[in-house]
Protein chains: 2
Amino acid sequence: MTDAADVKGKESYHHGDLRAALLVAGEAVLAETGVEGFSLRQVAKRVGVSHSAPAHHFGDTQGLLSALAAEGFRRFLAAMLARQAEAPDDPREQMLAQAVGYLDFAESAPALFRLMFGSDRIWPSTPELAEAGRAAYRNLTDGVARLRGLAPDDPAALPDVVACWSVAHGFAHLVIGRRMEPVQGLSRDEREALLRQAVAKVLD
Amino acid sequence: MTDAADVKGKESYHHGDLRAALLVAGEAVLAETGVEGFSLRQVAKRVGVSHSAPAHHFGDTQGLLSALAAEGFRRFLAAMLARQAEAPDDPREQMLAQAVGYLDFAESAPALFRLMFGSDRIWPSTPELAEAGRAAYRNLTDGVARLRGLAPDDPAALPDVVACWSVAHGFAHLVIGRRMEPVQGLSRDEREALLRQAVAKVLD
DNA sequence: TGTACATCAGTGAACGCGCGTTCACTGATGTAC
DNA sequence: TGTACATCAGTGAACGCGCGTTCACTGATGTAC
């Protein structure tokens, strides 16, 4: 029942896949303490490993947080694609599904979401992180371009891209920050409906 | 030229208005280190006062941060009203001006903005803080109600309120987080124009 | 198949640091008489 | 007007804590011959 029990297979001196285990534990610590209280020592403790072990894999706190953020962007994109996959293959419906996936991710991992979009404790220019973020962004621009009948990189799509992104991001951020009082009391379905309405206003 | 020189009139034992001085210094520390690195000791040092003095006025870090956030909400509202005052007295123009004021504030005090909307290091239920936030929110609902010809507290305004708030908030948050790449390179005027376009999409 | 050796992965003690909190204190101010 | 005293505001030493970083180490693994 100790923290060490969270991770299996540590009878031997070598861990096996400490890097992956640190990422899992790192996300749990992030969720519990927020970015503000995050420390490498807590992560090491949770994995049941010496506190100097993480440095071996990630250098320092920013290194681990950047890796977590990169992983986060990949799951972020996956969450949007999952909603899109079960939505009708219509440009407008695809955009709405994308927004709902945006919210899914933010609600499922609020601390990670804030780390990705609001923290100074990561290096946004890390290649892995930059690429993961770009992939998510490309999904958005592709969706808007398709809806408007433009080429994928036509700058004429920018105003719509910015508007869609802003509304989904603002909604998600206000919800997880519990700063949008009238929405706090609603059910998940009602929140989702409000988000769809808001995005629809932008698209139509 | 020491930090203590930032604040005048401390020849005497008693400071005079330490509470106010701590708020000023607190905001400077917040801007420099972000919420993540914020500490009472740094604030005390900047004012040139013993590190145990702040406790006298604010209890602990959360108390000072909550006071800063409350002050932030009042300035946030003031920033929106300032833009509204110089805009035509037309419901739609007033809403656009409000959004631009939203961005003004976020860009002028990004760390404070994040503290107000995204941090767990404040108590959102502090009376002073809750009231300041509510006042800003009321300005938004009044604007939407006026635009739609509804009573100020008609729940039918909710979808529009949420949509406007989300788009302004998301835009501002993405800009100050430097996470909206295509917008980073633009001038202040171009960013403002993009925001106005985005809000207009919601309103029309 | 067996041995020697290099490399890799994780250990654990030690360090210095900045933090929040506590507490007995002292200087300044205001009030009662 | 003057004195005594209570209250308030800020001091500074001390404490224990968790942190990141360093470093000599040791156990495990893989490879060369």
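Lettering of chains follows the sequences in order, A, B, ..., and the numbering in each one begins at 1.
- Across all strands shown, A:H57 has heavy atoms under 4.0 Å from sugar-phosphate atoms exclusively, and none from any base.
- B:H169 has its ring centre less than 6.0 Å from the ring centre of B:F113.
- Searching all strands for a Watson-Crick or G-U wobble partner of D:dC5 with both distances below 3.5 Å returns C:dG30.
- Residue A:S52 has its side chain nearest to C:dA13 when only D:dG20, C:dA13, D:dT11 are considered.
- Between the NE2 atom of B:H56 and the C1' atom of D:dT7 there is a distance of 11 Å, given to the nearest Å.
- For A:S39 and D:dC19, the shortest distance from a side-chain N or O to OP1 or OP2 is below 4.0 Å.
- The partner of D:dA24 is C:dT11, judged by Watson-Crick or G-U wobble contacts that both fall below 3.5 Å.
- The side chain of B:Q42 places an N or O atom within less than 4.0 Å of a non-bridging phosphate oxygen (OP1 or OP2) of C:dC19.
- Atoms CZ (B:F38) and C1' (C:dG20) sit 13 Å apart, rounded to a whole Å.
- For A:L64 and D:dT21, the CG to P distance is 12 Å, given to the nearest whole Å.
- Of all non-hydrogen atoms in B:Q94 and B:D89, the two that sit nearest each other are NE2-CA, 4.1 Å.
- Across all strands shown, the partner of D:dC19 is C:dG16, judged by Watson-Crick or G-U wobble contacts whose two distances both fall under 3.5 Å.
- Applying the 3.5 Å distance criterion, the base of C:dG12 shares a donor-acceptor pair with the side chain of A:S50.
- Proximity note for B:L40 (side chain, C-beta onward) versus C:dG10, D:dA9, C:dG20: the nearest is C:dG20.
- Ionic pairing of B:E128 and B:R74 is present here: one or more N-O contacts between side-chain nitrogen and carboxylate oxygen are shorter than 4.0 angstrom.
- Summarising the geometry, the separation between CZ on A:R19 and P on C:dG10 is reported as 12 Å, rounded to the nearest angstrom.
- For the pair A:L18 CG and C:dC8 C1', the computed distance is 13 Å after rounding to whole Å.
- Between the CG atom of A:L22 and the P atom of C:dA9 there is a distance of 13 Å, rounded to whole Å.
- The interatomic distance linking B:D17 (CG) with D:dG10 (C1') rounds to 14 Å, in whole Å.
- In this entry the distance linking CD of A:E36 with P of D:dG18 reads 19 Å, nearest Å.
- Of the two residues near DNA chain D, B:H51 and A:T61, the one whose nearest nucleotide lies more 5' is B:H51.
- Note that CH2 of B:W165 and CZ of A:R179 are 9.5 Å apart. Values are rounded to the nearest 0.5 Å.
- Comparing atom distances between the B:R41 side chain and each of C:dG10, D:dC19, D:dA14 picks out D:dA14 as nearest.
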I'd like to know whether B:M180 forms a side-chain contact (heavy atoms from CB on, under 4.5 Å) with B:V175, so could you lay out the CA-CA distance, the side-chain angles of the two residues, the decisive distance to 0.1 Å, and finally the verdict. CA-CA 6 Å; B:M180 197 154 55; B:V175 164; 4.1 Å; yes
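- Proximity note for B:A53 (side chain, C-beta onward) versus D:dT11, C:dG10, C:dC19: the nearest is D:dT11.
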